[in-house]
Amino acid sequence: MLGFASPLRLRRMGVVGMNRRNVRYIAPNNARSLYPLVDNKLKTKLLCDEHGIAVPRLLGVCRFQHHLRELDEFLHEHPSFVIKPAKGSGGKGIVVVSSRQGRNFQKPSGEQITIQSIKRHTSNTLSGLYSLGGKPDVAIIEEMVQFTDDFADFSFEGVPDVRVIVYRGYPVMAMMRLSTHASDGKANLHQGAVGVGIDLASGRALQGVQHGHLITHHPDTERRLSELVVPQWSDLLELAARSYEVTGLGYIGADIVIDRARGPLLLELNARPGLAIQMANGKGLEPRVGLAEQRANDYPDGRQESASDRVLYATESIAAL
Amino acid sequence: MNPGRQIVALVALLVIAGVSLVWYKHQVLGFPLLASESQTLWKIEATLKFDALGGPVTASINLPDAVVGRSDVFTEQMAPGYQFAIVDQDNNSIAQWRHADPPEGAQVLYLRSEIFFNELGPLTEAPAPVPVTPHLIGLEARGFADARQILAAMDLEPAALVETILREINSPQSAWLGLLLRDRSRRADKVQLAADLLAFQGIAARVIRGVELIDRQRGRSARFMLKVWQDNAWQLYDAKSATALPWTKFIEFQQGEQALFEVFGGEKSELSFAVVSEERAAFVNAVENARNHSSWLVDFSIYSLPVAQQSTFKLLLLIPLGALVVVILRNLVGIRTSGTFMPILIALSFLQTSLLPGLMLFLLVVGTGLLVRSYMSRLNLLLVPRIAAVLVFVIILYAAIGIAAHKLGFDWGAKVTFFPMIILSWTIERMSILWDEDGAREVFIQGGGSLVTASVAYLLMNSQTVSDAIFLYPEMLLIVLAIIIAIGSYSGYRLSDLRRFQPMERY
């Protein structure tokens, strides 16, 4: 049962390990000073807004414990909203409210929560319960994304999002993360979510993987994964590619969702994106990153291709690897 | 030069420097490669502290008498501004410091000595000492008479007699010494009582004070021992544990009525000892030899520090090895731990508790802590008060474990205090959050990873060969540093990558 891959074969497939990611991709491309831009989701959001990148609309920010008193009144105007910690990681501490039921709030799952428990959650967020290193934090209140129905049967409870790895501005690999009953509605692959590799050229599903094993159907909804197509694909890739100009980070994971009305929205950026995307695609990152690197080096001294040209290059050349 | 080449150059430089320094010390200065199979050199440092009152000061420490078979290799003192002399007083050597007008306030005088034992024969004396029986009146006399009768009825061998008496004076509620012990609360008086009781049985015994030879001791005050004339030689008994001790484990500084130390012109005087042992043989000779040739390598090394600091460094030098283990297990194997260097701190605690009791104590504290923490998460406390509450609970748990283990007769229970409690509190907090958010599996992975890492680090740091080697050749830290830097730029697979991506081979 306890098997190990042959390092030579992984090498040939161009699979990138943790050390290579950290030493070759993150260290030279992601300046430490830029991390706060992505580790703090409020900063990311404001920065994206400034550069005209579509993000879920910011409703308010709860910065101090005494703001909690006004929270009830503030939320009256917003029947649906999301509260999340600015410095959270891995989707921790996010509360989604889809509607009001009298004095109570209702989550998308149908569960009802009271204003007290929302206040308590926000208070915990402020004192740093969900932030990296337990540092004091602020709570972001933003609009709830009206998810497109295209993925309705592809996800159980949770929200499907698209993760695109962007290397020096070039999208190099993409996958869709579908939550399952086993993953408890979360989109983390190691918790049992399904990863679906997405063809960079077309936005069509390549293969599905759960717990490292190939699957053809969603385990809960029984939908054929091969029927999955991401709409507005090139818009989505361009959104991801532009996050490079905005943050200056050379190796980045962009998490994107698709809103029924507004199209692709950037949910968050990650300066240390995981490597499970390789398993979802059944391909190694290395050759693609190598090609993107070469292409980027063809445009030295800060001159670079426009985001749409980079997306074109990704769909035409990088996608073929 | 690009970073990659700089790393190669730096690693090469460090390895070359480390290896050549080790080689030089070994080949040219004659340091042994291993510190094993050699004599133990004891470095004893006496620290005399007092507050000068203003005006002339005379301070003195009674020195151990010379003993055949024990060599005092080297004695030196440190006391800026003081005149130092070793004077003879009534056949006793006394180290004496004088200062006509020292600055007022705290004074610290050091006396350092290095000794080792050759063939220590029995400590005989000619003529044989006679038992000194005290003159007794009233209740005392009755107490002694009763005790004598009881001891006579026991009809014990001399050695067993001594041990019985010593055990008795140590027990808080002695059945047949209660009367005599009542007025003897001081340690010195108790041990003297043992000597007096032996005298009445016709056995000569003397109360002595000095330093017990145990490695890595600091801030120890002088201990009381009893020496008993048995089979025409002095036999040493530990008054506390009531067992016989070989004379190679103790240095006698003072006997009977003599003063161990005296300070005139000062107050709040206090004498403490630090002891470090070291493998003698070629090594010490090499150091002395190098000193004589004034080799900078030895002059500016750890050996030039006071003994108390040397023993601190002996432990500090092991920490890089723990760090190396963490680096290897995290970056080459891919074990996940809770807190990066937490395992090193746990490994240091294991050094005190030893492995199995350490693991049990750790699991006990963290396990119980998690239960309490899971209850507290229902109370919805704020972060800092919550961790503080866990901290308080951890301390209570320490006390409970210490007391319970003592009552049950496990002496390792009290060693729970060696665990860093703040770190444990944070570990409990982190694991609790991990449990809530990622499930119990993740907690076991990270907790198990931490314990495996700590255990491996412990096994390495606890090895006598390793700790001697690193103390003999601290230059090896350069090599450790080189390995750490090299791993820092290693971009190959971790063992965990190979495991994780194994399914990809089948796609």
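In what follows, chains carry the letters A, B, and so on, assigned in the order in which the sequence lines appear, proteins first and then strands, with residues in each chain numbered from 1.
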Report summary line: Highest number of heavy-atom pairs under 4.5 Å with chain B among Leu126(A), Val15(A), Val209(A) belongs to Val15(A)
**Report entry** Top of Lys283(A), Met18(A), Gln278(A) for chain B proximity - count of heavy-atom pairs under 4.5 angstrom
**Finding:** Met18(A)
Where on [X] is there a heavy atom nearer than 4.5 Å to chain B: the side chain, the backbone, both, or neither?
{"X": "Leu275(A)", "value": "both"}
{"X": "Ala27(A)", "value": "neither"}
{"X": "Met13(A)", "value": "side chain"}
{"X": "Gln207(A)", "value": "side chain"}
{"X": "Val16(A)", "value": "backbone"}
{"X": "Arg21(A)", "value": "neither"}

Query raised in the report: Between Phe419(B) and Phe362(B), how do the two ring planes meet: parallel, tilted or perpendicular, split at 30° and 60°?
Result: tilted
Report task. Could I get the full list of side-chain hydrogen bond (donor to acceptor under 3.5 Å, both in side chains) partners for Arg120(A), not counting sequence neighbours? Result -> Asn380(B)
**Report entry** Any residue meeting side-chain hydrogen bond (donor to acceptor under 3.5 Å, both in side chains) with Glu293(A), in chain and number order, not counting sequence neighbours
**Finding:** Tyr167(A), Arg168(A)
Requested in this report: Counting only heavy atoms closer than 4.5 Å, note whether Arg386(B) contacts chain A via side chain, backbone, both or neither.
Outcome: side chain
Query raised in the report: What part of Ile487(B) is in contact with chain A, defined as an atom under 4.5 angstrom from a non-hydrogen atom: side chain, backbone, both or neither?
Result: neither
Query raised in the report: Between Arg24(A) and Glu286(A), does at least one N-O distance fall below 4.0 Å, as a salt bridge requires?
Result: no
Requested in this report: May I ask you to check whether Asp39(A) and Tyr35(A) show a side-chain donor-acceptor distance below 3.5 Å?
Outcome: no
**Report entry** Arg204(A) atom CZ, neighbour heavy-atom count above 12 within 6.0 Å
**Finding:** no
Query raised in the report: Considering residues, nucleotides and ligands other than His217(A), do more than 12 of their heavy atoms fall under 6.0 Å from its NE2?
Result: yes
